[in-house]
Amino acid sequence: MLNITLPDGSVRQFVDGATGYDVAAAISEGLARNAVGVRVDGEVRDLHRPIEHDAQVAILTWNDADGKMAFWHSSAHVLAEALEALYPGVKLGIGPAIENGFYYDIDLGEGRTISSEDFPEIEKKMLELARQKSKFERRAVSKADAIAYFTEKADPYKLDLLERLDDGTITFYQQGNFVDLCRGPHLPDTANIKAVKLLNIAGAYWRGDEKNKQLTRIYGITFPKAKELTEYLEKLEEAKRRDHRKLGKELELFAFSDKVGAGLPLWLPKGTMLREKLEQFLRRAQIKAGYQPVVTPHIGSKELYVTSGHYEKYGADSFQPIKTPNPGEEFFLKPMNCPHHCEIYKTKPRSYRDLPVRLAEFGTVYRYEQSGELHGLTRVRGFTQDDAHIFCRPDQVKEEFTKVIDLVLYVFRALGFQDFTAQISLRDPENKAKYIGSDENWDKAEQAIIESAAEKGLTTVTELGEAAFYGPKLDFMVRDALGRKWQLGTVQVDYNLPERFDLEYVAPDNSRQRPVMIHRAPFGSLERFVAVLIEHCAGNFPLWLSPEQFAVLPISEKYHDYAQQVYDRLMGAELRGAVDHRDEKIGRKIRDAEVSKVPYMLIVGEKEQENGIVSVRKHGEGDVGSMPIDSFIKSFESQVAAMMDGAAG
RNA sequence: GCCGUUUUAGCUCAGUGGUAGAGCACUUCCUUGGUAAGGAAGAGGUCAUGGGUUCAAAUCCCAUAAAUGGCUCCA
């Protein structure tokens with residue numbers, strides 16, 4: 001007999017050889033019908049695989065993340081089966097499930113191509129195969145048999161995969177006539193796959209190595225219900241509507257020009273207003289937090305980067321040096337601000353009493369990103385970091401880290417980013433040699449990060465081996481309203497640059513000590529931050545940031561004078577906006593203001609002029625009634641203040 | 001950087017080898033209108049750039065650039 005413990009803690013008994021399906025069926029018929037897999041003592045397995053011993057068992061359905069993975073992984077096999085049917089001789093690479101769907105890498109062979117125009121036919125074939133309700137059958141095979149099978153099939157990629165697998169761990173899965181090397185687990189059968197959509201097609205190197213052959217990767221997604229596919233596609237449409245590249249153009253925030261150069265954004269007046277408000281906001285917060293603003297040039301001599309080590313590592317792949325009339329003299333556009341800041345630190349001897357020294361700069365840096373990597377404002381070749389470097393004693397690292405986290409949280413709250421996680425990147429304990437800095441300091445810094453993150457109650461994930469070679473770091477990952485993940489703020493401990501620049505402070509015993517350096521940027525870069533902010537709020541910026549906070553809309557030309565009076569009053573109170581003087585009807589002016597996402601529309605006509613009031617309309621909400629101009633200003637100001645107080649609390 | 005796709009008016013996009021189009025935006029005129037598009041007329045294009053094929057190229061071919069979806073990279 002098998003004792004099966006269910007997630008609710010109850011224990012049920014089953015005959016030997018019982019499967020996950022039997023367990024599901026014993027719980028309810030509906031569960032058995034919807035089950036896609038089973039978790040046995042933490043291991044996700046096929047529903048119909050016998051459970052060998054007493055275990056903790058959870059039935060997985062589409063609603064479990066692991067259930068979705070099995071569902072999509074199985075869908076990838078169906079895609080492969082369809083491709084084999086439609087494109088005989090196709091060679092298969094790998095076909096895993098991913099966060100949203102699955103893909104399969106294929107090699108069509110010389111001269112054959114496939115494009116998104118072929119998708120409908122492939123989708124049709126996949127649905128046809130799915131309807132056959134083929135069982136996914138698992139079988140263990142010996143390495144020799146596996147090699148024989150794929151040699152016979154002349155599938156070089158599977159053979160390559162097999163080379164790295166050990167005998168005894170190899171399993172095949174078969175549905176219909178299609179056999180694939182696969183660890184599983186899979187769905188019981190193909191019938192659950194009711195809706196199929198192939199999404200896009202792309203090149204991908206075999207094993208992710210650009211020295212290898214490039215395969216064709218087909219991305220797709222499947223669902224157990226057609227309705228869910230429709231909803232997913234609607235979500236994609238919504239993401240497109242929020243795309244910062246689209247909104248940036250529509251709202252006239254930024255632009256690019258071939259003549260200026262790829263990846264070099266031009267900030268238009270409205271975008272610049274937004275950006276300056278963000279800068280102003282952070283500048284103030286940083287002054288309060290004890291930072292000292294500094295300004296450094298956009299270029300630095302080659303020597304600076306030889307010292308920092310960046311020349312050796314990135315010199316060849318950077319913007320190439322700027323030459324001068326002096327032979328041999330070379331300058332680089334600065335790819336980061338830290339070397340300059342190190343030189344500021346070195347302008348005078350520092351006492352342990354002076355530390356920490358916090359140098360802050362909105363520093364614009366230039367990096368020659370690969371052409372294929374450029375993407376709107378999130379990946380550019382010239383961008384401004386809200387950078388600062390904290391030079392402190394090793395015993396101050398933790399306190400400084402905590403303060404930086406406070407600052408980042410303050411910034412995120414003020415901007416409405418509630419859903420974020422913090423990733424702690426530590427060194428690989430197996431391979432300590434590849435990191436610079438003493439063991440003792442690393443331990444101290446890693447502890448400092450872990451503890452301060454815990455004290456601040458951050459939701460963290462810890463990644464071993466993800467630290468930079470010069471120090472551990474903490475990155476803030478923000479999810480936008482659609483659940484997409486972005487890396488914004490970062491805090492990094494650095495033992496390398498203080499060493500390379502020979503930074504020192506005088507300790508109480510008069511000895512020379514090495515300070516620790518902390519790089520930090522709450523926004524990361526203004527460019528990426530604005531991009532994420534745009535997508536996060538779909539272009540409806542918080543009132544205090546909105547480039548245009550109001551639009552005065554006169555009913556007709558007769559009220560232009562009064563409109564101007566209203567405008568002057570608001571500008572006097574330091575609100576931002578404009579009067580719509582066009583010869584258009586009020587409906588049209590309202591529509592245009594709504595479309596351009598102006599938070600407040602102030603409609604003025606005869607009534608308003610006579611009574612010294614404005615008729616207020618709120619973006620997305622409509623008419624909110626009329627009030628004296630001063631009341632509007634007061635209510636406006638209290639709203640802005642509330643946003644800032646909320647952030648501080 | 002690599003693979004695929006795309007590039008036509010300020011914007012969004014039609015146009016499959018034979019006289020360059022639409023809607024919106026813009027200009028002018030009419031209209032002075034009360035909470036999401038008033039009407040009319042006009043102006044606006046080296047069809048990304050450079051080569052080639054052809055009697056003839058926005059259209060077919062090649063190269064370059066940029067954008068875009070991925071891959072690789074990211075101080």
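In what follows, chains are A, B, ... by sequence order, proteins preceding strands, each numbered from 1. Just the heavy atoms: all of them, side chains too, but no hydrogens, waters or symmetry mates, feed the values below.
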- Task: Could you tell me how the ring of A/F523 sits relative to the ring of A/F529: parallel (under 30°), tilted (30 to 60°) or perpendicular (over 60°)?
- Result: tilted

- Between CD1 of A/I98 and C1' of B/rC71 the distance, given in whole Å, is 13 Å

- Task: Kindly say if A/Y368 contacts the phosphate of B/rA75, meaning a side-chain N or O under 4.0 Å from OP1 or OP2.
- Result: no

- Query: NZ of A/K589 versus C1' of B/rA37: gap in Å, rounded?
  - Reply: 14 Å

- Tell which nucleotide pairs with B/rG4, taking only Watson-Crick or G-U wobble pairs whose two distances are both under 3.5 angstrom. B/rU68

- Item | P-based separation of B/rC61 from B/rG1 [nearest Å] | 24 Å

- Message: Stacking between B/rA75 and A/Y314, yes or no? Criterion: centroid separation under 5.5 angstrom, plane angle under 30 degrees.
- Response: yes

- Query: For B/rA57, which nucleotide is its Watson-Crick or G-U wobble mate, given both distances must be under 3.5 Å?
  - Reply: none

- Task: In whole angstrom, give me the gap between the C1' atoms of B/rC24 and B/rG52.
- Result: 38 Å

- Item | Closest to the A/S556 side chain, choosing from B/rC74, B/rG33, B/rA66 | B/rG33

- Is B/rG42 paired to anything, Watson-Crick or G-U wobble with both distances less than 3.5 Å, and if yes, which nucleotide? B/rC26

- Item | Residues from residues 247-260 of chain A lying under 4.0 Å of RNA chain B - heavy atoms | A/K249, A/D258

- A/K246 NZ to B/rU68 P, in whole Å, measures 14 Å

- Task: Scan A/R617 against the nucleic acid and name what it touches under 4.0 Å (heavy atoms): base, sugar-phosphate only, or nothing.
- Result: base

- Message: With a sphere of 6.0 Å drawn around NZ of A/K270, does it hold more than 12 non-hydrogen atoms of other residues, nucleotides or ligands?
- Response: yes

- Would you call the rings of A/W267 and A/F254 parallel, tilted or perpendicular if under 30° counts as parallel and over 60° as perpendicular? tilted

- A/Y368 six-ring centre to A/R381 NZ/CZ under 6.0 Å and within 45° of normal: yes

- Message: Does A/I603 reach a base, just sugar-phosphate, or nothing at all? Heavy atoms under 4.0 Å.
- Response: base

- Query: Does A/S371 put a side-chain nitrogen or oxygen below 4.0 Å from OP1 or OP2 of B/rG1?
  - Reply: yes

- Message: Please evaluate residues A/Y311 and A/F332 with respect to the criterion ring-ring contact (aromatic ring centres under 6.0 Å, His included), reporting the C-alpha separation (whole Å), side-chain torsions for both, the decisive distance (0.1 Å), and the verdict.
- Response: CA-CA 9 Å; A/Y311 177 78; A/F332 277 85; 5.7 Å; yes

- Looking only at atom C1', what distance separates B/rU28 and B/rA14, rounded to whole Å? 28 Å

- Query: Are OP1 or OP2 of B/rC74 and a side-chain N or O of A/R379 less than 4.0 angstrom apart?
  - Reply: no

- Task: Please work out if A/G605 contacts a base, only the sugar-phosphate, or nothing of the nucleic acid, heavy-atom cut-off 4.0 Å.
- Result: base

- Query: How close or far is atom P of B/rG1 from atom CG of A/N212, stated in whole angstroms?
  - Reply: 21 Å

- Query: Is there a donor N/O on one and an acceptor N/O on the other, under 3.5 Å, for the side chain of A/D583 and the base of B/rG33?
  - Reply: yes

- Message: Please give the distance between the P atoms of B/rG15 and B/rA67 as a whole number of Å.
- Response: 25 Å

- Would you mind reading off the distance between A/I106 atom CD1 and B/rC71 atom P, rounded to a whole angstrom? 16 Å

- Take the protein atom NE2 of A/H375 and the nucleotide atom P of B/rA66, then report the distance between them rounded to whole Å. 17 Å

- What does A/L374 touch in the nucleic acid at a heavy-atom separation under 4.0 angstrom: a base, only the sugar-phosphate, or nothing? sugar-phosphate

- Task: Pick base, sugar-phosphate or nothing for A/G372, based on heavy-atom distances below 4.0 Å to the nucleic acid.
- Result: base

- Item | Presence of salt bridge, A/D160 and A/R164, under 4.0 angstrom | yes

- note: A/K585, atom NZ; B/rG34, atom P; distance rounded to Å ~ 8 Å

- Task: Ignoring the backbone of A/R217, work out which of B/rC71, B/rC73, B/rC3 is nearest its side chain.
- Result: B/rC71

- Task: Specify whether A/H375 and A/H244 have parallel, tilted or perpendicular ring planes, treating 30° as the upper limit for parallel and 60° as the lower limit for perpendicular.
- Result: tilted

- Query: Can you say whether the rings of A/W442 and A/Y495 are parallel (under 30°), tilted (30 to 60°) or perpendicular (over 60°)?
  - Reply: tilted

- Has A/R591 got a side-chain N or O lying under 4.0 Å from the OP1 or OP2 atom of B/rG38? no

- Separation of A/I555 atom CD1 from B/rU35 atom P, in whole Å? 8 Å

- With a 4.0 Å cut-off on heavy atoms, is A/E608 in touch with a base, just the backbone sugar-phosphate, or nothing at all? base

- Say you pick atom C1' in B/rA63 and the same atom in B/rG10; how far apart are they, in whole Å? 30 Å

- Query: Does a side-chain N-to-carboxylate-O contact under 4.0 Å join A/R242 and A/E238?
  - Reply: yes

- Item | Watson-Crick or G-U wobble partner of B/rA20, both distances under 3.5 Å | none

